Structures are given as structure tokens and as C-alpha cells.
Amino acid sequence: MTRYNARVSEPKWQKAWDEAQVFQAKPDDSRPKYYVLEMFPYPSGKLHIGHVRNYAMGDIIARYKRAQGFNVFHPMGWDAFGMPAENAAMANNALPGVWTHKNIAEMKEQFAALGLSLDWSHEFATCDPEYYGHQQALFLDFLDAGLAYRKSASVNWDPVDMTVLANEQVVDGKGWRSGAVVERKELTQWFFKISDYSDELLDALDGLKNWPDKVRLMQANWIGKSQGLQFSFETKNAPKGFEALEVYTTRPDTLFGASFAGISADHPLAKALESDPKIAAFNAECRRTGTSAEALETAEKLGYDTGITVVHPFDPAKTLPVYIANFILMGYGTGAVFGCPAHDQRDLDFARKYGLEVRAVVSPDGADFSVQNEAFTDDGTLINSDFLNGLSIDAAKIEVIKRIDAANMGAGKTVFRLRDWGISRQRYWGCPIPVVHCDACGIVPENKENLPIILPEDVSFDKPGNPLDRHPTWRNCACPKCGTDARRETDTMDTFVDSSWYYARFPSSDADTPTNLADADYWMNVDQYIGGVEHAILHLLYSRFFARAMIKTGHLPDKCSEPFNALFNQGMVCHETYSTLDDKGRPVWHSPDEIVVDGDGYKLRETGEAITIGPSIKMSKSKRNVVDPLEQIEQYGADTARWFTLSDSPPERDIEWTTSGAEAAWKHLQRVWRMAVETDDSAAEGSSDAALTLEKTTHRAIADVTAGIEGFAFNKAIAKLYEFTNALQKSKAGKAEKQAAMRVMTQLMHPITPHLAEEIWALMGAKGMVTTAPWPDFDPAMLVDDSITMPIQINGKRRSEITIPKDLPKSEVEKLALADNAVIKALAGNAPKKLIVVPGRIINVVI
RNA sequence: GCGGGCGUGAUGGAAUGGUAGACAUAAGAGACUUAAAAUCUCUGGGCCCUAGGCCGUGUGGGUUCGAGUCCCACCGCCCGCACCA
């Protein structure tokens with residue numbers, strides 16, 4: 001019996017595609033273009049099984065669209081800057097650049113084994129000076145356009161990675177990569193003015209119809225738009241310069257319920273009072289409080305009465321005490337608020353602790369109302385509020401803003417949660433920020449003709465901190481303005497900058513400017529973008545900002561403000577975990593290849609020790625539940641891995657890698673191969689009924705698989721291919737008909753298992769390569785049968801079925817239904833109460 | 001706390017408001033084989049003795065001729081954000 005030998009066939013076809021250059025795309029106005037892109041990988045040096053699934057998805061789309069006649073652009077590159085290279089440098093005494101390029105070379109080979117239809121002629125790595133030099137040019141243009149600026153700010157400092165992190169990179173109070181508790185630090189940093197686009201980035205989310213709702217919602221929440229009132233209280237007993245205290249609120253309607261004013265420990269007023277050692281100590285304590293989930297759960301509301309008071313804007317007789325409070329954030333609004341305990345839970349907790357007045361000013365029904373331990377935050381009617389009494393919340397807000405505005409005390413204001421993007425990183429392995437510090441001229445942008453500012457290679461990692469800082473000569477340069485001795489900026493850019501515009505570089509990867517407008521005009525935008533949901537905010541929000549900034553600076557055409565037309569988030573590949581316990585009762589994790597199934601359970605191969613099987617979770621080095629894709633490819637071939645990772649679950653969901661599942665996929669591919677070989681031996685003449693049935697099945701399969709791929713339901717497409725295989729195997733049609741069906745099968749399988757498809761295509765003597773063959777069409781007329789079987793329900797429960805001609809009039813269907821034995825029996829001579837016929841679907845007899 | 005999602009056989013999962021469990025995996029039985037592998041056939045939600053029937057999509061209600069699907073409440077799990085005034 002012949003077997004399909006993936007180990008021989010796969011490299012053979014990869015070479016054939018390569019030599020025919022079938023995946024290289026050039027602008028061509030005669031065909032519609034289609035730009036499909038998967039988030040480019042970090043070159044860790046080792047392909048992960050998750051990569052296989054991710055890139056297989058993109059490849060299905062690319063191959064399918066190519067067969068549909070689209071001019072498909074499917075490029076690949078490397079997100080090559082970042083911490084791991086520096087960590088490796090410290091551990092192995094290897095240079096980050098050398099380490100990274102070695103990884104890229106290894107990984108590219110592993111990618112080749114997957115048979116992806118990639119156009120490698122546009123490849124680049126973000127650590128190439130040819131790439132990051134253009135990024136430096138973009139930076140200078142952003143600087144010129146006011147989109148980049150430098151300021152001193154309190155930043156998130158990761159004490160392990162010894163670098164600054166963006167807000168988006170702090171997760172649960174910890175660094176997103178190192179996991180270290182983040183500290184606050186005052187540093188002068190470079191920022192991108194993403195806040196210029198807060199409104200636009202929010203509003204444009206509505207237009208992203210082909211993005212997951214979840215991602216759009218997450219971005220909307222992150223941008224966090226609030227509408228409210230910003231106004232000033234007049235202060236009493238405050239230090240000089242603080243005659244007014246500006247606060248922000250989204251509930252101006254509750255102003256008459258105010259019983260205190262609160263300021264952040266980082267508020268200028270709080271700092272001005274630090275000459276009092278008690279206040280200094282209190283402020284220090286506030287700053288120390290963590291922001292992790294647990295810390296927030298348990299943190300008590302703490303305040304310090306400054307002795308200062310403010311005057312109520314609508315009631316000069318009323319004054320409110322000013323507290324420094326630990327729950328007020330300097331980074332939002334003005335860092336100062338008025339507290340209305342009745343209608344804000346935090347203020348209520350605070351008021352109860354410090355014995356402040358709790359005065360309800362909104363009542364659910366307009367009647368007198370009081371609040372105990374739970375703040376009332378629902379809709380209602382204003383009470384106890386002078387001129388606001390009887391108004392709705394919305395009307396009261398408008399009225400208060402109007403009066404504050406008229407009194408020149410403040411105005412309505414929209415505030416966003418989104419802050420500007422701090423991009424300075426105190427790291428070596430990143431894109432140098434192209435500015436110069438000159439004693440005479442200050443901060444001077446580097447001249448564009450001096451770009452790229454190239455990273456030095458002779459660096460050492462024997463000490464913590466940024467090697468660029470202690471490099472003997474690299475910092476030294478001439479001031480671009482006055483020519484005197486000056487020093488380079490040693491901070492490099494956040495690696496998220498690198499990935500914020502790579503998609504725009506691919507179409508013109510050789511251009512001597514960051515982009516080429518003609519190429520961008522042809523290829524942009526990305527029609528289908530695929531990647532993990534972990535980038536829902538960081539990468540995707542930054543990219544949306546970058547596209548706008550690049551339009552403003554003339555690097556992209558106007559149509560590119562939303563660079564990703566459609567987004568798909570794929571799930572992860574998981575595996576169950578295996579553990580034993582050490583002598584102290586701590587778990588010891590074992591990798592799947594150390595495990596054997598032995599009669600009644602899983603055992604450790606070496607010692608026979610029984611294994612505890614844990615839940616299937618994301619593959620990770622620490623839990624050792626990792627499956628090496630290269631071993632799988634070595635054993636079964638890339639097609640099997642591609643087929644299996646897409647077969648069982650919807651692509652957006654996590655899947656569990658199981659050995660039995662992978663073997664089953666491999667068996668199935670062997671079965672298809674065998675069938676292709678055997679159709680040659682079929683009887684030359686089959687039954688004509690069988691031939692017609694097979695033809696209809698074929699058209700049905702084309703329709704279903706096409707719909708599956710179009711709808712990103714690869715698992716369903718694969719289920720339909722199984723059905724088609726089963727039907728073809730059982731078919732009694734003749735040789736020619738079976739071969740025709742087999743050819744269609746090959747075309748339908750080709751996006752998923754391209755190598756096997758090519759091998760069968762060649763075996764059957766078909767012309768050219770299946771990779772370049774057009775997608776098969778189906779005839780809608782072939783999808784309908786002449787007779788259909790309709791279930792009959794009695795009172796909604798299925799009781800019988802009848803087979804009737806397709807276009808039988810409704811009245812005839814009713815007659816036949818009433819003549820059905822089960823119906824006659826159930827009716828027992830009575831007329832039905834109701835008879836529902838849904839044409840082509842179902843009949844329901846109501847008794 | 002706020003926001004979002006999801007609960008279907010032993011398992012992964014199908015199912016425009018219209019025959020629940022497609023397709024696959026595990027498992028069981030059988031065929032072929034000296035034997036194993038490979039391959040093929042059958043069984044494959046639960047219950048009742050069968051024809052056949054009853055029950056069944058987290059729980060309880062509701063809308064409907066008809067609900068896994070829509071609505072309400074509850075329970076459980078997952079994800080995101082989190083003292084944002």
C-alpha cells in the first residue's frame with residue numbers, strides 16, 4: 001500500500017513554489033488586491049506550536065484569496081528589538097545583535113518548513129538600521145509636527161528591567177514583562193502625543209465593523225472619555241499661590257451634596273504643605289500604597305485634614321474642609337475633587353470615617369431621602385439643592401455648568417483616561433532616539449542626513465543599566481545646530497514603536513524613505529490582520545495612532561487612518577500539565593514526552609512514578625507543557641500540524657493539543673492520499689445515480705468549505721471536508737466522476753494542506769500547480785434536491801416525516817401531512833387547531 | 001466594584017427561532033491477520049423489555065405553533081479594566 005511521505009513531498013513543493021516565485025506580489029491594477037498580515041513574530045529562535053496555528057490561519061486566507069483571483073500580498077518580518085536579546089546577552093555573553101540574527105536565521109528555516117505562502121522579498125527585521133533609521137526619520141517628523149515632545153513626568157519604573165514602562169505596559173501594578181512591582185519615579189522622557197487623537201481614536205472605533213466587538217470595547221474603555229465640569233473653589237487659609245483650588249467632576253449635579261474637597265498626595269498644594277513633617281509623612285505613605293488588585297480591595301480610605309477650607313460656589317456661607325486623600329489620583333482630571341458622600345461610594349466610606357456630613361441631593365422618587373452605607377448612584381430627582389430642586393440629573397448638570405460658566409469659575413470639560421505615550425526606554429537593544437544634548441543649544445534634533453543613528457556593537461552587559469550610557473565614545477557627537485561637542489540621547493524607543501508602523505513599511509520595504517506613497521496607495525490598508533487578543537490595546541491602539549500621525553506628516557495617504565480593515569484574534573494552543581511532587585510536597589512539572597500511558601494511568605517514563613494530570617493551560621516553559629512543532633513536523637509533516645491545529649475548535653478559541661488528535665489528522669491525510677491513488681482502480685463505469693449524487697455532493701462541499709473559510713470557521717470547513725471524504729469513499733460512481741470529485745477535494749484542501757494537495761494534483765495529472773489553480777465554482781442549482789424530507793411535528797415535538805417533491809404547493813403539503821399515519825392517529829378524527837408549514841423546513845400540527 | 005463573554009454527550013465541538021449532538025476524538029464490539037500495526041464495519045446523551053416511547057442543551061420562569069438560540073431572574077466559570085471623581 002502506498003503511503004504519502006510528507007518528509008519527501010513537503011520540501012519538494014516548498015522548493016517548487018519558491019522557484020516559481022508564486023507568492024511574490026507586485027502592484028497590478030487588473031486584479032483586486034488583498035493584503036493579509038499576521039502579527040509578525042519576535043525572533044525567539046524557536047517556533048512555537050501557537051505560531052503554527054496563527055500563521056496557518058493567515059495562510060488559508062492568503063491561498064484562498066489568491067485562488068479567488070486576488071492579487072495577494074502576504075509579507076513577513078521580525079519584531080526584533082527588545083529585552084530578551086539583552087537578557088541573553090547578559091546570560092551568555094553574546095551580543096544582542098548577533099544573538100538576534102542567529103535566531104532569525106533559525107526561525108526562518110523553521111517557518112519554511114510550514115509551507116506558508118509568504119512573500120519573503122519584503123522581509124525586514126526592526127533591528128536593521130535600514131528599518132530603524134526610517135523610524136528615526138519618522139520621529140523627527142513627529143517632533144516637527146508637535147506629535148513628539150519631552151517632559152518631566154512621574155513615570156512607571158520597572159526596577160528589574162531598569163527601565164520606564166508605558167501605562168499600557170503596567171499590568172496589576174507590575175511590569176508586563178518582568179512581573180516586578182512598578183515604582184513611581186520622576187524622569188524627563190519623550191512622549192508621543194496620542195492624546196491629540198483621543199476623540200478620533202474613540203469615534204473611529206464605530207467604523208471598524210470587521211473588528212471583534214471585544215477589542216473595540218476594550219479600546220473605548222481604555223480611552224475612557226468622561227464629560228464633566230472643571231471649576232475653581234476659592235480657598236481660605238491656603239499658602240500663597242493657592243488662592244484657588246481647581247477640581248474636576250462628572251457629577252456637577254451633586255454640588256449641593258459636597259461635604260469636603262480632596263486632593264492627591266502628589267497635588268502641588270499637598271507638596272507645598274510638606275514643610276509640615278506630618279503632612280510629608282502622610283504623603284509619603286500615600287505614594288507607597290500599591291495599586292494592585294489586592295491592595296485596592298483592602299486599602300482603607302485615608303485622609304489628612306489640611307486645615308484649609310474652600311467656599312461653596314453657590315453658598316458663600318458654606319465652607320468645606322480640604323483633605324489630602326489616598327484615593328485621589330494626580331493623573332486624572334486636576335488631581336483634586338469635591339466629595340459628595342451620598343452619591344459616591346468612596347466619598348461615603350471616607351465621610352463615615354472622618355465624620356463628615358452625608359447629605360442626599362438625588363432621590364429616586366423626588367421624596368425626602370437619606371443614605372446609610374451604600375451610596376445612591378442611580379437616576380433620580382434633585383432634592384436639598386436650592387435652584388436645582390426637582391430637576392433630573394441631566395438637567396441639573398447642564399444648569400450647574402451654565403451657572404459656573406456664567407460666574408467665570410469654570411466650564412464644562414471632556415477628560416480622557418488615555419495619557420500620552422511615554423516612549424523613552426533606558427535600554428540598549430532598541431531604536432536610538434535621534435536627538436542631541438548640546439550645552440549651548442539644549443535639545444537638538446539630529447539632521448536627517450545623519451540617519452540612521454546606528455547602535456554601537458562594542459557594548460558590555462556586565463553591569464545593570466543602559467550600556468549606551470557608559471559606552472566610551474558613542475555618546476560623543478557634534479551638535480547639529482552649532483557644531484560644538486555634544487552628547488547623544490542614550491534612551492531608545494519603546495519596542496512598541498517598531499511594531500506601530502511595520503505594516504506600512506512592507507509594501508515599500510526597499511524605499512529610501514519610510515514609506516512610498518504609491519505603494520501604500522496600492523497595498524494599504526491591511527485587508528485582514530490576524531493576531532493574539534493580548535495586543536487588543538497596546539499594539540493596536542498605538543498602530544491606529546501611528547497611522548494618523550504618519551498621514552499628518554505625509555508618510556501615508558489619507559485613506560490609511562485605520563490601517564487594519566478587519567481584525568481576527570486567534571486562540572492559544574494549550575496542553576494538559578503533568579506533575580509529581582518533590583520531597584517537600586512541591587509540584588515538579590514534566591514535559592509530555594517524559595510521560596507514558598501505562599495501563600491504568602499516566603506514568604513517568606524513567607521511574608514509573610504516577611503522574612498527576614492538571615488542566616489544559618497555555619503552553620509555558622515553567623509548566624513544561626510544551627509541544628515542539630518541529631518534532632511534530634518531523635513525524636507527521638507540516639500539513640498534519642496545520643490541519644489539526646485548525647480542525648476541532650473555532651479559531652478564536654483556545655485549543656488543546658492532544659497526541660491522539662494529531663495522529664487522527666495524520667491518518668485522515670493518509671486516507672485522502674490513498675483514495676487519490678485508488679480512484680485510478682475504480683470501475684470505469686459506475687451507476688449514473690451515483691454519479692449525480694457525487695456531483696451534487698461535490699457542489700455542496702464547494703459551497704460549504706467556501707462559506708467556512710469566508711466566515712473564519714475553519715473547523716467547520718474541515719468538518720465538511722471530512723463529510724466530503726466519507727461520501728466520496730462510499731460513492732459507487734465511475735472512475736472519471738470520482739477523479740473529478742477528487743480534483744475538487746484537492747482544491748478545497750489546498751489552503752489547509754498545500755503540500756499534500758500539490759502531490760495529489762500532480763498524481764492525477766492535473767495541469768500546473770494547485771496553488772495557482774482558480775477556486776472551484778459551485779452551481780446553486782446543484783445544491784437543491786428534487787425531493788426533500790420534511791419533519792412533521794405534533795405540538796412542537798417531532799413525530800414523523802414525509803418526503804415530498806421540492807416545489808410542492810403549500811396546500812398539497814398540508815394535505816400530505818394530514819394524511820400521515822402519526823398525524824391521523826394523534827388527531828383521532830378531530831381537525832387540527834392550527835397547521836404550520838414552513839416551506840422546505842418543517843410542518844407543525846397543533847392539536 | 002465596573003464592563004464583556006460563556007455554560008450542549010466521556011472529550012473537542014455542530015445547529016439562519018424549525019429533525020439537538022454534524023464532524024472528530026476517547027471507549028466498546030467485530031472483520032482481516034499466525035500476531036501486531038495499518039485498514040475496514042458497527043455501537044457511541046440518559047431511561048424503559050421491543051415496535052415504539054419518555055426525558056434531555058447550568059437552574060427557575062416567560063414569549064412562541066415551535067427555544068440550545070429571544071426575554072427576565074438566579075447559579076457557575078472565563079476575560080478585560082480597576083480608588084478615573
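Per chain, numbering begins at 1; letters A, B, ... match sequence-line order. In this text, all values refer to a predicted model and were calculated from it rather than measured experimentally.
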(request) With pairs defined as Watson-Crick or G-U wobble and both distances under 3.5 angstrom, please note down RNA chain B as a dot-bracket string, | for pairing with another strand. (result) (((((((..(((.....[....))).(((((.......))))).((((...))))..(((((..]....))))))))))))....
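For rA24(B), neither phosphate oxygen OP1 nor OP2 lies less than 4.0 angstrom from any side-chain nitrogen or oxygen of Y722(A). Within the 4.0 Å cut-off from OP1 or OP2 of rA22(B), not a single side-chain nitrogen or oxygen of N726(A) is found. Contact annotation: N326(A) does not reach the phosphate of rC83(B) (side-chain N/O to OP1 or OP2, under 4.0 Å). OP1 or OP2 of rA85(B) lies within a sub-4.0 Å distance of a side-chain N or O belonging to S226(A).
Side-chain to base pairing of R841(A) with rU16(B): one donor and one acceptor N or O lie within less than 3.5 Å of each other. With hydrogens and angles ignored, no donor-acceptor pair under 3.5 angstrom links the side chain of K214(A) to the base of rC79(B).
No contact: K833(A) has no heavy atom under 4.0 Å from any strand. Across all strands shown, L835(A) has no heavy atoms under 4.0 Å from either base or sugar-phosphate atoms. Backbone-only engagement by S649(A) is indicated by non-hydrogen atom pairs under 4.0 Å involving sugar-phosphate atoms exclusively. As judged by a 4.0 angstrom heavy-atom cut-off over every strand, R799(A) is placed among residues touching the sugar-phosphate backbone only.
Base orientation of rG9(B): syn (glycosidic angle within 90° of 0).
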Going by atom type alone, with no hydrogens or angles, which donor-acceptor pairs under 3.5 Å involve a side-chain atom of residues 707-717 of chain A and a protein atom two or more places apart or on another chain?
residue : atom : partner : partner atom : Å
E710(A) : OE2  : Y64(A)  : OH           : 2.6

Show which side-chain atoms of residues 718-726 of chain A pair as donor or acceptor with protein atoms under 3.5 Å away, not counting sequence neighbours.
residue : atom : partner : partner atom : Å
Y722(A) : OH   : W643(A) : NE1          : 3.2
T725(A) : OG1  : L721(A) : O            : 2.6
N726(A) : OD1  : R671(A) : NH1          : 3.3
N726(A) : OD1  : R671(A) : NH2          : 2.7
N726(A) : ND2  : Y722(A) : O            : 3.4

Which side-chain N or O atoms in residues 837-847 of chain A pair as donor and acceptor under 3.5 Å with protein atoms at least two apart or in another chain?
residue : atom : partner : partner atom : Å
N844(A) : OD1  : G796(A) : N            : 3.0

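In this view, N221(A) satisfies the side-chain hydrogen bond (donor to acceptor under 3.5 Å, both in side chains) rule with no residue, not counting sequence neighbours. A search for side chain to side chain contact (heavy atoms under 4.5 Å, CB included) contacts involving L756(A) returns Y4(A), D639(A), L669(A), W673(A), M749(A), T753(A), I760(A), not counting sequence neighbours. For K815(A), the salt bridge (charged side-chain N to carboxylate O under 4.0 Å, His left out) partners at least two apart in sequence or on another chain are E812(A).
Looking at S264(A) and Y332(A), their side chains never bring a donor and an acceptor atom within 3.5 Å of each other. A donor-acceptor pair shorter than 3.5 Å cannot be found between the side chains of T803(A) and S787(A).
Comparing the same atom, C1', in rC42(B) and in rU34(B) gives a spacing of 26 Å after rounding to whole Å.
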Between the protein and nucleotides 26-33 of chain B, which nitrogen or oxygen pairs come in under 3.5 angstrom?
none

Are any protein N/O atoms closer than 3.5 Å to N/O atoms in nucleotides 62-65 of chain B? If there are, list each pair with its distance.
residue : atom : partner : partner atom : Å
rC65(B) : OP1  : K834(A) : NZ           : 3.3
rC65(B) : O2'  : N844(A) : ND2          : 3.1
rC65(B) : O2   : N844(A) : ND2          : 2.5

Below 3.5 Å between N/O atoms, which protein atoms pair up with nucleotides 67-72 of chain B? Just atom names and distances, please.
none

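Ring planes of Y323(A) and Y354(A): tilted class, angle from 30 to 60°.
The salt bridge (charged side-chain N to carboxylate O under 4.0 Å, His left out) contacts involving residues 642-654 of chain A comprise D59(A)-R642(A), where partners must be two or more places apart or lie in separate chains.
In this structure a side-chain-to-backbone donor-acceptor pair under 3.5 Å is missing from D253(A) to A396(A).
Cation-pi contact between K301(A) and F327(A): present, with separation from the ring centre below 6.0 Å and deviation from the ring axis of at most 45°.
The side chain of L217(A) lies closest to rG4(B), out of rU19(B), rA24(B), rG4(B). Closest approach to the V337(A) side chain among rA22(B), rA24(B), rA85(B) is made by rA85(B) (side chain taken as heavy atoms from C-beta onward).
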(request) Go through the steps to decide whether H312(A) and F338(A) satisfy the test ring-ring contact (aromatic ring centres under 6.0 Å, His included), and finish with yes or no. (result) CA-CA 10 Å; H312(A) 193 283; F338(A) 73 77; 8.1 Å; no
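Summarising the geometry, the separation between CD on Q345(A) and P on rC83(B) is reported as 16 Å, rounded to the nearest angstrom.
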(request) Summarise protein proximity over nucleotides 40-46 of chain B in one line of letters, 5' to 3': B for base, S for sugar-phosphate only, - for none, counting protein heavy atoms closer than 4.0 Å. (result) S------
